Every structure is written in structure tokens, then in C-alpha cells.
2 protein chains.
Amino acid sequence: MSAKISLTPKEGKYLTFMYRRHVEEDERATTTILAKSFKVNPATATETVQKLAEKKLVEYTRYYGAKLTEKGICEAKKLLRKHRILEVLFVKLLRYDAEKACEEASKIDHYCSADLINAICRTYGHPDTCPCNKEIFSDSKCRRQE
Amino acid sequence: MSAKISLTPKEGKYLTFMYRRHVEEDERATTTILAKSFKVNPATATETVQKLAEKKLVEYTRYYGAKLTEKGICEAKKLLRKHRILEVLFVKLLRYDAEKACEEASKIDHYCSADLINAICRTYGHPDTCPCNKEIFSDSKCRRQE
DNA sequence: GTAAAGTTTAGGGTTTACCAAACATTTTTA
DNA sequence: TAAAAATGTTTGGTAAACCCTAAACTTTAC
């Protein structure tokens, strides 16, 4: 049993943002980039990254930047799964366009239980990509409970 | 233009709880009842009710209890609409039972935009009751944007 | 090697949501 | 009806989540 990780909504947003950099770009996110992206003061970004480091979700090197740990990657994937399954729901059920789907998903993804997300996932036949063609990570509990 | 009301998640829960008492029972909610329902210290319930009173959402009389104002009823209905539309979604789309649907709806109702709720409402043909047969209040913007 | 750019620290601030203990009011009941 | 019991409020905290400015420090690029 690993200690349960409790993420705040904002921490979750940082994590998913960093995941994208991590896999799509050059591996690290500087606090300045984070600060600009989230429109906050650099000091605030530093603070949040340090919180994530305390929780062992990122490896943080002062003046250099941060990089997700295995644990961080795992959490980011869980969140991205939620986000992307919600996007699928909004596009398929409500005919939202990808952008609007993303916007609405962002408002609630953090608050949705894994159970709820899995139920949606099953309903749509375990989609493997979101409306903008990004991977939807799988959850071992999802197919098992069919 | 009336000043925009900003409700915290907890305030929203209090408001909807009080709405039920207001229409289904004896019109007032004492702080003790609220404290018991939300499993908090009576002092906390008093504090929250006072916040709602400041926002003119309830009429609060010390040592007696609180009653929703027109504005409070209006806000409560907006929240209950969100909650109940989500319940419909979870029951119809995911075959959740009413209780589980309620539980999951409670986690996200506060964060869902009126737009999203209306889109779901349209998809299900403007249902007028939730899975437990309670009224789903209408939103004038919902049918208009068909 | 120094100046500019980038980053962190220190010290605050606000809001939300709690609690315990002391106090005030209302209700009950003996 | 007066005192005890139940109810409700005030006071004075705590903690977490976000956010900021200003000053100090480190890196980088000339």
C-alpha cells in the first residue's frame, strides 16, 4: 500500500501540463514557463512545484526546473485519462467541438471519480484516443468490471 | 443587472439542503439540523448561514433559524437543476441506480457550467423529473438554444 | 567578468472551512 | 415559575490552497 496521494486541483493542472512537456518536448518545465502558462507570478509557480516535489511527484532542481517522477507520471496519466474520457463524452453525446469539450472537461475532471470515468469509458467501448487524437490511458479496473 | 452571486461549494450544499426543507417541510432550518446533516460543529453551521445571509440568500434570525429568500430559492433551483440533470445522465447513459447517480452528481454539480447542463438536458429531451421523481427546474436558455 | 534574465526566498494576504470553549437564549419540566 | 437541559452564538483560534511583492540569489550570454 503506497500512501494515498492527495492532489489539489491546481497541482493536478501543473502535473498534466508537465506531462505534456515531459513526453512531447524537452523533458523539463521551468518555473517561468509554468508561471506564464498559468498566468501567475513566478514565485507562485516555484511554490507549487516545491509542493509537488514534497509529494514525490516531481524531481525538482533549483534554478533548473522540474521533471515528473514515475509516481508523477502515473498521477498525470490518471488525470489525463479522466480529462480525455470526458472529452469523448461531450463530443459524442453532446456534439461539442473538441475545444469546447476540453474547456468543459477541465472544469470537472479533477472532481470526477475513477468509477464514473470507467463507466463512461465502458459505455463508449473503451475509446483509445480523445477527440484531438491523444492517447487515452487505460485503467486496469475498467475492463475488468464489464 | 443584479450583482453576481458567487457561491462556494459548501454554501451551495447548504442552500439546496435548505430548499428541500423549505418546500417539503416546515420552512426553516435550524443551525443544529444543518450541523448534524453536514456533520460539522454547530458553530460552523452558524457561520455558514451567516455568510449566506450576508449574500442575501437567506433570511436569518438568531436563535431561530434561516429561511431562503427569493434570491436564495433561485440559486438553489439552479443548483438542483444541475444536480438532477446529471442524475438523469448517469442513470440513462451509464445505468447507475438513483442513489449512486446522486452520489456522483454531488461531486461535480457545483463545477458544471449551465451550458453543459443545458446541452445534456436537450440531449435527453428536457426531462422534467430526476430518477427519484423530483422536479427538474427549467432554464429559459435551454429550450431557446435548440 | 559583468549585466540581464531567470529563479527562489522571505514575508505577507485572502478565502474557505473547520473546531473548542465560553457565553447567551429558549424551552422544558419539576 | 425558576432552574436545568437543550439549542444556538461568539470568540478566538487552526489549516490548507492560492496568490502576491520585494529582495536576494544563480545562470546565461555578451
Side-chain angles (χ1 to χ4, degrees), chain A residues 3-18 21 25-67 72 75-76 79 106-111, chain B residues 3-18 21 25-68 72 75 79 106-111:
Chain A
K4 70 247 169 192
I5 305 121
S6 82
L7 282 177
T8 67
K10 212 62 204 265
E11 284 170 356
K13 298 299 178 200
Y14 274 57
L15 228 44
T16 52
F17 179 89
M18 290 171 76
R21 297 208 56 112
E25 287 164 54
D26 71 359
E27 298 253 328
R28 70 168 164 147
T30 63
T31 49
T32 302
I33 285 165
L34 289 164
K36 272 184 193 146
S37 306
F38 293 105
K39 297 191 171 73
V40 294
N41 193 289
T44 304
T46 300
E47 199 190 25
T48 304
V49 168
Q50 288 171 343
K51 286 256 174 66
L52 290 171
E54 271 173 37
K55 295 181 185 178
K56 310 280 185 202
L57 295 162
V58 306
E59 214 168 88
Y60 165 60
T61 313
R62 259 154 71 262
Y63 297 104
Y64 175 77
K67 201 184 123 177
E75 286 305 306
L79 285 169
S106 295
K107 292 177 193 162
I108 60 171
D109 51 8
H110 176 270
Y111 303 98
Chain B
K4 69 247 168 190
I5 306 124
S6 84
L7 281 178
T8 67
K10 214 60 205 264
E11 284 170 355
K13 298 298 177 200
Y14 273 58
L15 227 45
T16 52
F17 178 89
M18 289 172 76
R21 300 214 75 174
E25 290 164 50
D26 70 0
E27 297 253 330
R28 69 169 165 148
T30 64
T31 50
T32 302
I33 285 165
L34 289 163
K36 272 184 192 147
S37 306
F38 292 107
K39 298 193 173 74
V40 294
N41 192 291
T44 305
T46 299
E47 201 189 24
T48 305
V49 167
Q50 287 170 345
K51 285 256 174 65
L52 289 170
E54 272 173 37
K55 295 180 184 178
K56 310 280 186 203
L57 295 163
V58 305
E59 215 169 87
Y60 166 60
T61 312
R62 256 157 70 265
Y63 297 105
Y64 175 77
K67 203 184 122 175
L68 296 178
E75 285 307 305
L79 285 169
S106 294
K107 292 177 194 160
I108 61 172
D109 51 8
H110 177 269
Y111 304 100

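Keep in mind that this is a model prediction, so the values were computed, not measured.
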dT16(C) phosphate, OP1 or OP2, under 4.0 Å from Thr8(B) side-chain N/O: no
Touch class at under 4.0 angstrom, heavy-atom based, for Thr48(A) against every strand present: nothing
Per-nucleotide protein contact string for nucleotides 22-29 of chain C, where B marks a base within reach and S marks sugar-phosphate only (heavy atoms under 4.0 Å, - for neither): --BSS---
Closest non-hydrogen atom pair, Pro42(A) against Ala35(A): CA-CB, 3.6 Å
Taking only distance into account, with no hydrogens and no angle test, what donor-acceptor pairs under 3.5 Å do side-chain atoms of residues 48-55 of chain B form with protein atoms, sequence neighbours excluded?
| unit_1 | atom_1 | unit_2 | atom_2 | d |
| --- | --- | --- | --- | --- |
| Thr48(B) | OG1 | Thr44(B) | O | 3.0 |
| Lys55(B) | NZ | Ser6(B) | O | 2.8 |
| Lys55(B) | NZ | Glu11(B) | OE1 | 2.7 |
| Lys55(B) | NZ | Glu11(B) | OE2 | 3.2 |

Pairwise 5' ranking along DNA chain C for Tyr60(A) and Val40(B), keeping only the more 5' one: Tyr60(A)
Rounded distance (Å) that lies between atom C1' of dC19(C) and atom NZ of Lys39(B): 17 Å
Interatomic distance where CD1 belongs to Ile33(B) and C1' belongs to dT9(D) [whole Å]: 17 Å
Under 4.0 angstrom between Thr31(A) side-chain N/O and dT8(C) OP1 or OP2: yes
Listed nucleotide nearest any side-chain atom of Ala43(A), set dT9(C), dT11(D), dC19(D): dT9(C)
Among dC18(C), dT10(D), dC19(D), the nucleotide that comes nearest once only the side chain of Lys10(A) is considered: dC19(D)
Partner residues of Ser106(B) under the side-chain contact (heavy atoms from CB on, under 4.5 Å) criterion, sequence neighbours left out: Lys13(B), His83(B), Cys102(B)
Test ring pair (Phe, Tyr, Trp, His ring centres under 6.0 Å) applied to Phe17(B) - qualifying residues, sequence neighbours left out: Phe38(B)
Separation of dC19(D) C1' from Lys13(A) NZ (nearest whole Å): 18 Å
Phosphate OP1/OP2 of dT8(C) contacted by Thr46(A) side-chain N/O (<4.0 Å): yes
OP1 or OP2 of dC19(D) under 4.0 Å from side-chain N/O of Asn41(A): no
Rounded interatomic separation in angstrom, taking CZ from Phe38(B) and C1' from dC19(C): 18 Å
Partner set under salt bridge (Lys or Arg N to Asp or Glu O under 4.0 Å) for Lys107(B), not counting sequence neighbours: Glu104(B)
Sugar-phosphate only, base, or nothing, as touched by Gln50(B) at under 4.0 Å among non-hydrogen atoms: sugar-phosphate
5' precedence on DNA chain D between Pro9(A) and Glu47(B) (nearest-nucleotide basis): Glu47(B)
Leu34(B) CG to dT7(D) P, straight-line distance once rounded to whole Å: 14 Å
Partner set under ring pair (Phe, Tyr, Trp, His ring centres under 6.0 Å) for Tyr60(A), not counting sequence neighbours: none
Rounded interatomic separation in angstrom, taking CD from Glu54(B) and P from dT15(C): 11 Å
Interatomic distance where CG belongs to Leu7(B) and C1' belongs to dT15(C) [whole Å]: 14 Å
Shortest non-hydrogen contact between Ala45(A) and Leu34(A), atoms and distance: CB-CB, 4.1 Å
